[in-house]
Amino acid sequence: MFKKEKIKDLHYSVNGTISAADLQAAADEILTEYGKTAKMAGFRPGHIPLSVLRQKYNASAYGEAVDKLMNKDLNDYIAEKKIRLAGSPKADLAGWEIGKDVEYSLEFDILPTLPEIDLEKYTVVKKTTTLDESEVEKSLENIRKSRSVAEKQAEDYAAQNGDTAVIDFKGFLGDEAFEGGAAEKHHLILGSGAFIPGFEDQVIGHKAGDEFDVNVKFPKDYHAENLAGKDARFAVKVHEVRKHVLPELNDELAKTVGQESVEALREHIRKIINEQYEEAAKRDMRNELLDQLADKVKLDLPETLVEQEYNMAKQEHDRQHAHCEKDCGEDHKWDEKKERKEAERRVKLGLILAEWGTKNKVEVSRDDLQQAIWAEAAQYPDPKQVFEFYNKNQNALAMLRGMIFERKALDAMLTHVKTKEKSVKPEELFQQASVR
């Protein structure tokens, strides 16, 4: 057991001694295990004398024995004190020799004890809204557009917003063509915003066979530095114009999306929109509760965890701004004071959710994990890559499990708080809903 201890808040510093006899006994146990599989000339595996094993493996066995006995002392200590480590301890051995006692010290932070949280004293706003039938009609129109057929128009037809123009184009800076600024028979949906501002507007009104110039200015934040903020000219030729013809809104169209009739499709859309409203409102409730927990719950924080969180955020910031040779502007500068407060907030809320969730038996099921992975995979062109990533990366899977646990703990907490309803417009609900 440790002979000295120094405790300050959540930080512990302890000193211990491992006797030479205990260390040799532990090292001999390790050497005996080595001997079961070790191969040495002149000896059969499992029959190598301990004295011979000591000559070859004693130093490495001693190293393992020191770790083993320090861990035993630490585990006995935290069991007696009924504390939990907030991270790996930092060990310091002031030099040791085989055959002598080992003096060592350990420094570590412990997790705080979560105070009782009376959630019935917390109140959050639950935003409610009324379904606007125009949203249903808008969704129906989008379904029609997604199943539209682009029909080639006569040569005297002038391109309109929403049409597809099949064009050749070649870009110039002054009289010099620039790399990557040319294509042939490119299908451009006018009004889609796929090209730089002003380009598509200048194609509208033209007909098949027209050849003309489009003059534009590249945005200052354009990804290609040699083009950013520059005036450019594009030589354009229109091969054909295609008008998107929408299918009729009828039961046949409804069946293409898995519904038996137009009315059934409308009802299905209403259900989806209402679910989106509910989820947006719940996100706001989660955020409001997180703000209140961060403000009202008094909790000492392990500096180890705060430092880890801060460093992770700094590394991510540096990675995202690695392209900045000099300055990316004031908005992208690292604010140490602000970011440390944010790190403290995240650690605090993480500890609260972890402690409360564990105490209240919140669990992450296999189905919870699978649904989360499926939801993420659905956002990628090749979902298989997402599944393979989580199969091969257990750390990422553990992080995902942690995120799901926190979300479930927060939702469980919301069932205990009081709610105050507030009627809002749908657009206000979605503007304010965000995940923190």
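Comment: Arg283 does not engage Glu288 in a salt bridge, judged by the lack of any side-chain N to carboxylate O separation of less than 4.0 angstrom. Using a 4.0 Å cut-off between a side-chain N of Lys or Arg and a carboxylate O of Asp or Glu, Glu263 and Arg270 qualify as a salt bridge. Using a 4.0 Å cut-off between a side-chain N of Lys or Arg and a carboxylate O of Asp or Glu, Glu355 and Arg84 qualify as a salt bridge. Residues Glu428 and Lys425 are not paired through a salt bridge, judged by the lack of any N-O separation under 4.0 Å between the basic side chain and the carboxylate. The pair Glu279-Lys282 fails the salt-bridge criterion, with no side-chain N (NZ, NE, NH1 or NH2) lying under 4.0 Å from an Asp/Glu carboxylate O. Under 4.0 Å is where a charged nitrogen must lie from a carboxylate oxygen, and between Glu303 and Arg340 at least one such pair does. Looking at Arg346 and Glu309, a side-chain N of the basic residue comes within less than 4.0 Å of a carboxylate O on the acidic one, giving a salt bridge. Remark: Arg266 engages Glu137 in a salt bridge, criterion side-chain N to carboxylate O under 4.0 Å. By the 4.0 Å N-to-carboxylate-O rule, Arg407 lies too far from Asp411 to be salt-bridged with it. Between Asp251 and Lys255 no salt bridge is recorded (no basic side-chain N to carboxylate O distance below 4.0 Å).
Between Ala343 and Val306, the closest heavy-atom pair is CB-O, 4.1 Å. In this structure, Ser105 and Asn15 approach most closely via the heavy-atom pair CB-ND2, 3.5 Å. Shortest non-hydrogen contact noted between Asn226 and Leu173 is O-CD1, 4.0 Å. When all heavy atoms are compared, the tightest approach of Lys408 to Glu363 is NZ-O, 2.8 Å. Nearest heavy-atom pair, Glu120 versus Lys418, reported as atom, atom and distance to 0.1 Å: O-CE, 3.2 Å. A pairwise comparison of heavy atoms in Phe389 and Ala396 identifies CE2-CB, 3.5 Å as the closest pair.
A donor-acceptor pair under 3.5 Å links the side-chain atoms of Asp109 to the main chain of Thr304, judged by distance alone. Of the possible donor and acceptor atoms, none in the side chain of Glu406 sits under 3.5 Å from a partner among the backbone N and O of Ala354. Lys127 contributes no side-chain N or O that, together with a main-chain N or O of Glu278, makes up a donor-acceptor pair within less than 3.5 Å.
One side chain, Glu376 or Tyr390, offers a donor N or O that lies under 3.5 Å from an acceptor on the other. Counted by atom type alone, Ser365 and Asp368 present one or more donor-acceptor pairs between their side chains at under 3.5 Å. Looking at Gln24 and Tyr62, their side chains do bring a donor and an acceptor atom within 3.5 Å of each other. Under 3.5 Å, the side chains of Thr128 and Glu421 contain no donor-acceptor pair of N or O atoms.
Counting heavy atoms of neighbouring residues, nucleotides and ligands inside a 6.0 Å radius, atom NZ of Lys296 exceeds 12 of them. Around CE of Met40, the count of heavy atoms belonging to other residues, nucleotides or ligands within 6.0 Å exceeds 12. Residue-environment remark: CD (Glu316) exceeds the threshold of 12 foreign heavy atoms within 6.0 Å. Around CD of Gln370, the count of heavy atoms belonging to other residues, nucleotides or ligands within 6.0 Å exceeds 12.
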- prompt: Does the salt bridge (charged side-chain N to carboxylate O under 4.0 Å, His left out) test come out yes or no for Lys138 and Glu135, once each step is laid out?
  reply: CA-CA 5 Å; Lys138 193 184 296 183; Glu135 291 297 314; 3.4 Å; yes
- request: Before giving the answer on salt bridge (charged side-chain N to carboxylate O under 4.0 Å, His left out), spell out for Lys126 and Asp284 the whole-Å C-alpha distance, their side-chain angles and the decisive distance to 0.1 Å.
  value: CA-CA 8 Å; Lys126 181 178 181 180; Asp284 270 358; over 6 Å; no
task: Evaluate the criterion salt bridge (charged side-chain N to carboxylate O under 4.0 Å, His left out) for residue pair Lys271 and Glu275; output intermediate values, then yes/no.
output: CA-CA 6 Å; Lys271 181 175 179 291; Glu275 288 174 351; 2.7 Å; yes
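In this structure, Phe199 and Phe195 have perpendicular ring planes: the angle between them is above 60°, well past the 30° mark.
Between Phe172 and Phe234, the gap from one ring centroid to the other reaches at least 6.0 Å.
Between Gln385 and Tyr380 there is no side-chain heavy-atom pair separated by less than 4.5 Å. Contact annotation: the side chain of Arg144 approaches that of Leu253 to within less than 4.5 Å [non-hydrogen atoms, C-beta and beyond].
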